[in-house]
Amino acid sequence: MSKFAVRGWFLLCALALFLFVPGFAAAQSSLTGSIAGNVRDASGAVLPGVTVEAASPALIEKVVSAITDGNGRYTIIELRPGTYTVTFQLPGFSTVRREGVELTTGFTANINAELKVGGIEETITVTGATPVVDVQSVRSQNVLTRQVLDALPTSKSVAAMAAITLGVLQTNQGLGGGDAGGSKGDTVYGFAQIHGSQMGIRTIDGMKMSSAYNVGASTRNQVNQMIVQEVSLETSAASAETESSGLNMNMVPKDGGNTFHGTTNVEYTNDKFQGSNLTDKLKSRGLTRSNSIQKIYDYGTGLGGPIVKDKVWFYGAVRDWGSVENLAGVYFNKPANQKSLSPANIINGGFKPYEADLDNPAFYDRYTKD
């Protein structure tokens, strides 16, 4: 390749990167949280020019700051989910520090402060409950934190997350019937319906993972839960950049940090922990067995930490999960019939039609590695 061709490819890549980055930055507004509020003095008058700092281990830059405007208002945007300490400083006034502010995706924490006249060395630390009401936006959403996801006694499939979101209807039951309490494990499912709309979008940190052939109804990409920090499910009044009116789900990935941390998950169950609804009436109608689980398994591990402290972090994870389910009234094809299904036999009409092998009941084996 000539030097002119190399230079052309370089310029093309640079242009693509230039066009891509602004769009990505703009999209981040619906994928992160914010902190906003008012600052006043002891008399209730607004205080412009106050330096407001938000610090958290979730930030690779450690601290993000803003200055209150002429109305004493401030807003700090693009904050990763985590626990924050908010500090208010103005010369001639005591410093006020608010600790333990829990921030989730798409949530704006309303943190107000009152500064009193005092020495520069005086600091007032305020501890209290984290704001649970977002008074800055009208978005309705259900945020599932990592603690909630770990505590839920169910699978982490789309169906399971939809089942715990108010007003959501799981419409696609999947092969072998519905998912009762996570009995199928974390597997492929169609999406859910809310407010009469099924056209939801699934994303990982804003990147679409919906099916290319059916954006609204199907998700063929499964999520490695070992990389997920929290899940945000928008149910109504989504942000302006959202292109769907349905249930929009975003998986927020874990980040590394300045210290090494890891996690391991091992889950397994077999056919010993279930009952049977195969009644005599069903047997008299020819049903020899009901749907049942052979096994459900989920193994994974993840590790994150610093590459360069305060500059570059990493996080990576592996996961192997799946389930095997017996299907009532379904049998594999007889071996001789299976062998007849060659292209030549099909073309020449020499193949044998399906014939149930009653000694070989069918099962559905779902398995995924990531």
Side-chain angles (χ1 to χ4, degrees), residues 31 56-58 80-83 102-105 142-165 170 174-176 178-189 191-192 202-207 209 219-233 249-274 292-307 313-326 363-370:
L31 310 175
S56 173
R80 298 293 294 177
T83 303
E102 294 287 344
L103 200 60
T104 56
T105 304
N142 180 24
V143 177
L144 306 177
T145 64
R146 188 68 255 172
Q147 291 79 6
V148 172
L149 291 169
D150 290 339
L152 287 175
T154 182
S155 73
K156 306 305 183 290
S157 65
V158 170
M161 295 177 189
I164 59 173
T165 302
Q170 179 61 37
L175 180 60
D179 183 21
S183 62
K184 298 183 185 301
D186 187 351
T187 184
V188 172
Y189 268 94
F191 210 40
R202 272 74 64 207
T203 57
I204 298 179
D205 210 24
M207 183 182 70
M209 63 174 193
T219 296
R220 289 297 177 262
N221 297 307
Q222 295 171 255
V223 177
N224 181 350
Q225 282 292 328
M226 301 304 296
I227 72 165
V228 175
Q229 175 63 27
E230 64 184 39
V231 180
S232 172
L233 299 102
M249 175 184 291
N250 182 50
M251 308 285 183
V252 181
K254 294 181 178 180
D255 293 328
N258 279 327
T259 57
F260 289 97
H261 290 279
T263 181
T264 298
N265 177 69
V266 178
E267 298 178 14
Y268 179 84
T269 187
N270 55 23
D271 59 353
K272 306 301 182 183
F273 298 91
Q274 59 187 317
S292 61
I293 292 295
Q294 289 188 26
K295 63 179 179 179
I296 302 175
Y297 59 94
D298 192 343
Y299 316 124
T301 187
L303 178 66
I307 296 177
W313 295 344
F314 80 94
Y315 185 85
V318 294
R319 185 184 179 209
D320 183 1
W321 71 102
S323 63
V324 180
E325 180 185 14
N326 301 319
F363 57 86
Y364 188 10
D365 187 3
R366 309 169 177 90
Y367 54 91
T368 308
K369 296 180 185 292
D370 184 78

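Put simply, CG on D205 and CD on Q229 are 11.5 Å apart, with the number rounded to the nearest 0.5 Å. Rounding to the nearest 0.5 Å places NZ of K295 at 14.0 Å from NZ of K272. Taken to the nearest 0.5 Å, the CG atom of D150 stands 8.5 Å off from the OG1 atom of T145. The distance from atom CG of D271 to atom CD1 of I293, rounded to the nearest 0.5 Å, is 10.0 Å. Here the CE atom belonging to M251 is positioned 9.0 Å from the CD1 atom belonging to I227, to the nearest 0.5 angstrom. Note that NZ of K254 and CH2 of W313 are 14.5 Å apart. Values are rounded to the nearest 0.5 Å.
Side chains of D298 and R319 form a contact here, defined as non-hydrogen atoms less than 4.5 Å apart. Considering only heavy atoms from C-beta on, V252 comes within 4.5 Å of R80 through its side chain. A heavy-atom distance below 4.5 Å is not found between the side chains of D255 and Y315. Contact of the M226 side chain with the V318 side chain is not registered, since no non-hydrogen atoms from C-beta on lie closer than 4.5 Å. Side chains of K369 and D320 form a contact here, defined as non-hydrogen atoms less than 4.5 Å apart.
Counting all heavy atoms, side chain and backbone alike, F363 lies closest to N326 at CB-OD1, 3.9 Å. Closest of all the heavy-atom pairs between Y299 and E267 is CE2-O, 3.6 Å. The minimum heavy-atom distance linking I296 with S323 is given by the pair CG1-CB, 3.9 Å. Among all heavy-atom pairs drawn from A58 and P81, the shortest one is CB-O, 3.4 Å. Taking every heavy atom of both residues into account, R366 and Y297 meet most closely at O-OH, 4.1 Å.
There is a side-chain donor-acceptor pair under 3.5 Å between H261 and T259. With 3.5 Å as the limit, one finds no donor-acceptor pair spanning the side chains of N250 and S232.
Side chain of E230 to main chain of T105: a donor-acceptor pair is present (N/O by atom type, distance under 3.5 Å, no hydrogens or angles).
Residue Y367 places its OH atom among 12 or fewer non-hydrogen atoms of other residues, nucleotides or ligands, all under 6.0 Å distant.
Every residue two or more places apart in sequence or in another chain that forms a side-chain hydrogen bond (donor to acceptor under 3.5 Å, both in side chains) with T264 is listed here: T301.
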